[in-house]
Structure formats: structure tokens, C-alpha cells
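Report on one structure; see the data block that follows.
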Amino acid sequence: NAGVMQNPRHLVRRRGQEARLRCSPMKGHSHVYWYRQLPEEGLKFMVYLQKENIIDESGMPKERFSAEFPKEGPSILRIQQVVRGDSAAYFCASSPPSGPMRHFGQGTRLTVV
Amino acid sequence: GQSLEQPSEVTAVEGAIVQINCTYQTSGFYGLSWYQQHDGGAPTFLSYNGLDGLEETGRFSSFLSRSDSYGYLLLQELQMKDSASYFCAVLHGSGNTGKLIFGQGTTLQVKP
């Protein structure tokens, strides 16, 4: 059973471009969570989704950021008009319908130049 | 607001025991989890306390006291490979599929 798959692992974008980060949860997992991590800091919750629904987006910036988890395909975290402050590691985690354990992907390192 | 406090750094020698404390202030507390992260890689689940008391998993144990808003992770028989960052995380909400709120992490350095 493959783990949580994130791609790309590394992404470089120029200021003003769009960044799309993908996350395929573990098989059988219906809950997806996105986190952002700056160097030497903890993981900051961004958004929690189930298939076709956003459950909690209290950690998402109000502008430029959006997330989706369609019926088919991976979850997507989209950042429009990136700025240098968006540079960070973005982690996706998934969990089964019940249970406290979260399985994390290897993350996408976004660098905005 | 929600906040978690844990020490920023801990150093110990191989074979020793180390305890990493975590205090939290949060509404909607459901349980306390611990995660390990090596060199910015994928965080990995270590343990979860939904009820007060001690949970033991091999060399690692975790404790929770809801009345004190306090928990700790205990690592025994330390090995060099245990050098990593350790995060406590509050499970928030009314069920165990809610969001995790992470502390800033404790960097553990294990010396020979």
C-alpha cells in the first residue's frame, strides 16, 4: 500500500506565477489535510478536506490560496500570484474515516524567486 | 486562541532516557499526539493519548493529564537515530478526524 504521495517534491516559481501542489492520499483514506512548514518551525494547519468538500479552512490565507479534493484524482493546493513569503515546505496528510493517526507525505518544497 | 509549549532543544547521550514536555491551551481539545520528523522529511506518527494516563509503544511512551493540560513523550534507551525533531500536536474538534494543531517542535540531539 503506497503511502501519501506528493508531487512535485521541489517546485520553483517566479513571483506572480501560480503554484499547484498535488497530494494523493493513501488507499482507503478519505480525509486530507494540508500543512505549511517554515524552517525550524512547526507545521501550520491550512485546510481539511473530504471528497468534494472543504471541512475546515480556518488556516488558509484569505487570498490567493485555494484547495480542492475532487471525486476523482488527487487533492490540489493552489497558490496564485506567488510571493517570496510563500516559500516553504507544504505537507499533505491523510487519514482513514476514523482514527487519530495522520500519514504524511514527503512534502513539496516551494521556492519563489 | 490556541498554543502549545515545548522545549526548543534537548540533548542526551546514547542509552539514556529523555522526557519532552508539552503544555497546551486550546478550546475543543480531543486528544494529544506526538510526531517525529527527521531533517525536514515526512512527519511520522509516534503515539496518541485520548484519555489520561500512559501509553507505551516499545521504547516510546506518552502521557496525558487533561486536568493539567499537560503531556509528555518519554524516549528510553536512546539511539543515535532518535536524533530528530519531536512535535506534540493537539487533536482539535469533536472527533478524531479533526485538525491537528502542532507545537513548535523539540530538537533532540543524541550524543555518543
Side-chain angles (χ1 to χ4, degrees), chain A residues 2-7 9-10 23 25-26 28-51 53-60 67 69 87-111, chain B residues 1-9 20 22 24 26-51 55 57 60 62 64 71 84-109:
Chain A
V4 177
M5 303 301 291
Q6 288 189 249
N7 68 83
R9 291 289 305 277
H10 300 274
C23 169
M26 287 182 69
H29 286 194
S30 54
H31 302 251
V32 166
Y33 311 81
W34 285 93
Y35 288 84
R36 175 163 63 178
Q37 186 177 35
L38 295 172
E40 310 302 323
E41 292 191 7
L43 293 94
K44 299 285 191 233
F45 169 79
M46 299 182 74
V47 62
Y48 162 29
L49 311 103
Q50 294 180 25
K51 284 284 186 181
N53 286 302
I54 295 175
I55 307 303
D56 183 340
E57 57 181 348
S58 57
M60 285 282 269
F69 188 17
S87 296
Y90 291 83
F91 287 95
C92 166
S94 71
S95 72
S98 65
M101 188 185 301
R102 306 287 180 264
H103 297 261
F104 281 83
Q106 292 291 333
T108 293
R109 271 79 182 165
L110 172 65
T111 302
Chain B
Q2 300 174 57
S3 68
L4 291 89
E5 296 288 333
Q6 53 180 126
S8 58
E9 292 181 359
I20 300 174
C22 174
Y24 58 87
T26 180
S27 58
F29 177 89
Y30 193 81
L32 188 70
S33 295
W34 290 90
Y35 285 79
Q36 179 191 61
Q37 186 181 38
H38 280 101
D39 299 324
T44 55
F45 174 84
L46 291 178
S47 71
Y48 172 75
N49 294 77
L51 301 172
E55 292 285 340
T57 309
F60 294 177
S62 60
L64 174 66
S85 293
Y86 292 84
F87 296 89
C88 59
V90 165
L91 184 55
H92 182 272
S94 58
N96 55 23
T97 57
K99 64 185 179 186
L100 281 175
I101 306 297
F102 282 81
Q104 290 290 91
T106 298
T107 300
L108 170 64
Q109 186 179 16

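Every chain is numbered from 1 and lettered A, B, ... according to where its sequence line falls, protein lines coming before strand lines.
A:P100 pairs with exactly one of B:L91, B:N49, B:L32, B:L100 by the side-chain contact (heavy atoms from CB on, under 4.5 Å) rule, that one being B:L91.
Expressed to the nearest 0.5 Å, how far CD of A:E57 lies from NZ of B:K99 amounts to 11.0 Å. To the nearest 0.5 Å, the span separating CD on B:Q37 from CZ on A:F91 amounts to 5.0 Å.
Annotation: A:E40, atom CD; neighbour count of heavy atoms from other residues, nucleotides and ligands within 6.0 Å does not exceed 12. Other residues, nucleotides and ligands contribute only 12 or fewer heavy atoms inside 6.0 Å of the CE atom of A:M5.
Contacts between B:L4 and chain A at a heavy-atom distance below 4.5 Å are absent for every atom of the residue. Within the 4.5 angstrom heavy-atom criterion, only backbone atoms of A:P96 (N, CA, C, O) approach chain B.
Summarising the geometry of A:F45 relative to B:I101, their closest heavy-atom pair is CB-CD1, 4.5 Å, with the distance given to 0.1 Å. Minimum interatomic distance between A:P97 and B:T97 (heavy atoms only, all atoms of both residues): O-CG2, 3.2 Å. Looking at every heavy atom in both residues, A:R102 comes nearest to B:Y35 through N-OH, 3.0 Å.
With chain A as the partner, the residue from B:G105, B:G93, B:P43 showing the most heavy-atom pairs under 4.5 Å is B:P43.
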Donor-acceptor pairs are to be reported for all side-chain atoms of residues 104-111 of chain A against protein atoms at under 3.5 Å, with residues two or more places apart or in another chain.
from   : atom 1 : to     : atom 2 : distance (Å)
A:T108 : OG1    : A:P8   : O      : 2.6
A:R109 : NH1    : A:Q106 : O      : 2.5
A:R109 : NH2    : B:G40  : O      : 2.1

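A search for side-chain hydrogen bond (donor to acceptor under 3.5 Å, both in side chains) contacts involving B:Q104 returns A:K44, not counting sequence neighbours. Residues forming a ring pair (Phe, Tyr, Trp, His ring centres under 6.0 Å) with B:F29 (at least two apart in sequence, or on another chain): B:Y24.
Residues from residues 31-38 of chain A that place a non-hydrogen atom less than 4.5 Å from a non-hydrogen atom of chain B comprise A:H31, A:Y33, A:Y35, A:Q37, given in numerical order.
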